[in-house]
Protein chains: 2
Amino acid sequence: MSEITGINSSQIRKDFSYFGAFGKRGVGYPLFGLTEQLKEVMRAGQKWDVALVGVGNIGTALLRYKGFSKRGFNIKLVFDNDVSKIGTKVDNIKIQDIQKMEKCLKDQKINIGIITVPAESAQEVAYKMIGGGVRSILNFAPINIKHPPEVSIKHIDIAIELEKLVYYLF
Amino acid sequence: MSEITGINSSQIRKDFSYFGAFGKRGVGYPLFGLTEQLKEVMRAGQKWDVALVGVGNIGTALLRYKGFSKRGFNIKLVFDNDVSKIGTKVDNIKIQDIQKMEKCLKDQKINIGIITVPAESAQEVAYKMIGGGVRSILNFAPINIKHPPEVSIKHIDIAIELEKLVYYLF
DNA sequence: CCATGTGAAGATCTTCACAGCG
DNA sequence: CGCTGTGAAGATCTTCACATGG
């Protein structure tokens with residue numbers, strides 16, 4: 001596993017140890033036992049409904065991406081504020097009016113959101129999501145989103161990642 | 001700046017201090033002076049040519065995304081191995097045969113690459129990029145890419161980011 | 001008095017080294 | 001002897017607290 005992931009073996013052992021002792025000293029980890037334990041720890045098998053806001057380039061790519069379902073994520077609700085997009089479908093998911101978002105999120109009890117709108121509207125969208133009960137947000141807008149401590153936000157900024165890489169060129 | 005970014009103010013001061021003393025004690029930072037210094041540190045204004053491989057959902061989204069040029073990145077070369085895509089254009093950039101990549105990269109002295117191919121071919125693409133002189137790679141394929149120490153790789157896996165968010169739901 | 005700059009302290013993350021056990 | 005599990009050491013990152021100087 002260390003070789004495959006590039007992660008130090010003692011790091012892997014330590015990470016496992018936080019959740020229990022899955023192996024036998026002197027012997028190794030049982031293939032089946034370990035995978036079962038890890039699946040449970042990572043809640044694999046469980047399905048997560050997700051709401052996505054902003055059907056632009058990145059939003060559309062995420063909607064079409066088939067890799068999420070394998071990992072247990074299902075983009076169930078999609079919103080935009082563009083009237084020319086509302087009502088149309090992308091990969092069989094209907095784009096709804098963002099005005100309806102808060103209610104829809106509550107009705108369907110969705111607590112994971114993805115923001116792929118321009119920076120200007122990202123904060124407002126985030127507040128609406130949080131108002132609808134979302135507690136975890138993946139944000140692609142290049143802006144820091146203010147949020148209460150009980151909400152967690154991950155920020156992916158591809159340009160920033162490129163800039164970090166440029167740094168290492170020297 | 002602390003309020004806007006959500007970063008502790010002493011962290012910001014310390015970060016600045018690694019590159020010099022940009023402010024005056026008791027007074028503050030001069031707006032112009034600080035921005036100029038930071039631009040230089042971050043090499044803003046400089047343009048970076050980038051090669052992208054894999055014109056699928058994410059690759060296409062990145063090609064169409066207008067935000068890169070503002071940050072100094074220009075996707076100059078695009079490659080794929082799909083004959084139905086080679087020769088066509090996305091946003092005025094011609095998709096080229098991946099077989100030509102190594103030579104093109106050398107000719108144009110490009111040292112930043114973006115990988116948006118399926119996991120199966122990512123390692124091979126990375127080796128070809130490195131062979132062509134690329135020293136920084138942004139990888140979207142869900143796989144750890146082996147690479148020599150002089151090459152730096154950033155891995156963006158959107159499903160993993162979602163999984164991390166799920167963790168915080170509990 | 002105020003805001004920067006920075007050693008020191010504190011927190012966190014990673015690696016080492018070896019005890020424990022089959 | 002080999003591989004796991006883990007305390008301790010080491011490295012790194014973040015925050016504190018205050019000296020410094022306008």
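By convention in this document, chain letters (A, B, ...) are assigned in the order of the sequence lines, proteins followed by strands, and residues within each chain are numbered from 1. Keep in mind it's a predicted model, so treat the numbers as computed, not measured.
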(request) Determine the minimum heavy-atom distance between B:Ser9 and B:Ser2, stating which atoms define it. (result) N-OG, 3.5 Å
Whole-Å gap separating [atom2] ([N]) and [atom1] ([X]):
X	N	atom1	atom2	value
A:Leu31	D:dT4	CG	P	13 Å
A:Asp15	C:dT12	CG	P	16 Å
B:Ile12	C:dA3	CD1	C1'	13 Å

(message) Any base atoms under 4.0 Å from A:Tyr29, or only sugar-phosphate, or nothing? Heavy atoms, all strands.
(response) sugar-phosphate
State which residues pass side-chain contact (heavy atoms from CB on, under 4.5 Å) with [X]; sequence neighbours excluded, sorted by chain then number.
X	result
B:Gln46	B:Arg43, B:Trp48
A:Gln37	A:Phe22
A:Lys39	A:Glu36, A:Ala44

Table of protein N/O atoms under 3.5 Å from nucleotides 15-17 of chain D N/O atoms:
unit_1 : atom_1 : unit_2  : atom_2 : d
D:dA17 : N6     : B:Arg13 : NH2    : 3.1

(request) Mind running a 4.0 Å heavy-atom check of residues 158-170 of chain A against DNA chain C and sending the residues that fall below it, in number order? (result) none
(request) May I ask you to check whether A:Tyr167 and A:Phe170 place their ring centers less than 6.0 Å from one another? (result) no
What protein N or O atoms touch nucleotides 19-22 of chain D N or O atoms at under 3.5 angstrom, if any, and at what distances?
unit_1 : atom_1 : unit_2  : atom_2 : d
D:dT20 : O4'    : B:Arg25 : NH1    : 2.9
D:dT20 : O2     : B:Arg25 : NH1    : 3.1
D:dG21 : N2     : B:Arg25 : O      : 3.4
D:dG21 : N2     : B:Gly26 : N      : 2.9

(request) Show the numbers, then the answer: is there a ring pair (Phe, Tyr, Trp, His ring centres under 6.0 Å) between A:Phe19 and A:Phe16? (result) CA-CA 6 Å; A:Phe19 298 98; A:Phe16 287 175; 8.8 Å; no
(message) Using a 6.0 Å cut-off, check whether atom CD of B:Glu3 has over 12 heavy atoms from anything other than its own residue.
(response) no
(message) So that I can tick it off, tell me whether B:Asp107 and B:Lys100 are bridged by a salt bridge, with the cut-off set at under 4.0 angstrom between side-chain N and carboxylate O.
(response) no
(message) Whether B:Asp157 and B:Lys164 form a salt bridge (side-chain N of Lys/Arg under 4.0 Å from carboxylate O of Asp/Glu) is what I want to check.
(response) no
(message) Test salt bridge (charged side-chain N to carboxylate O under 4.0 Å, His left out) on A:Glu163 and B:Arg71; report intermediate values, then the result.
(response) CA-CA 8 Å; A:Glu163 280 167 4; B:Arg71 309 282 275 273; 3.2 Å; yes
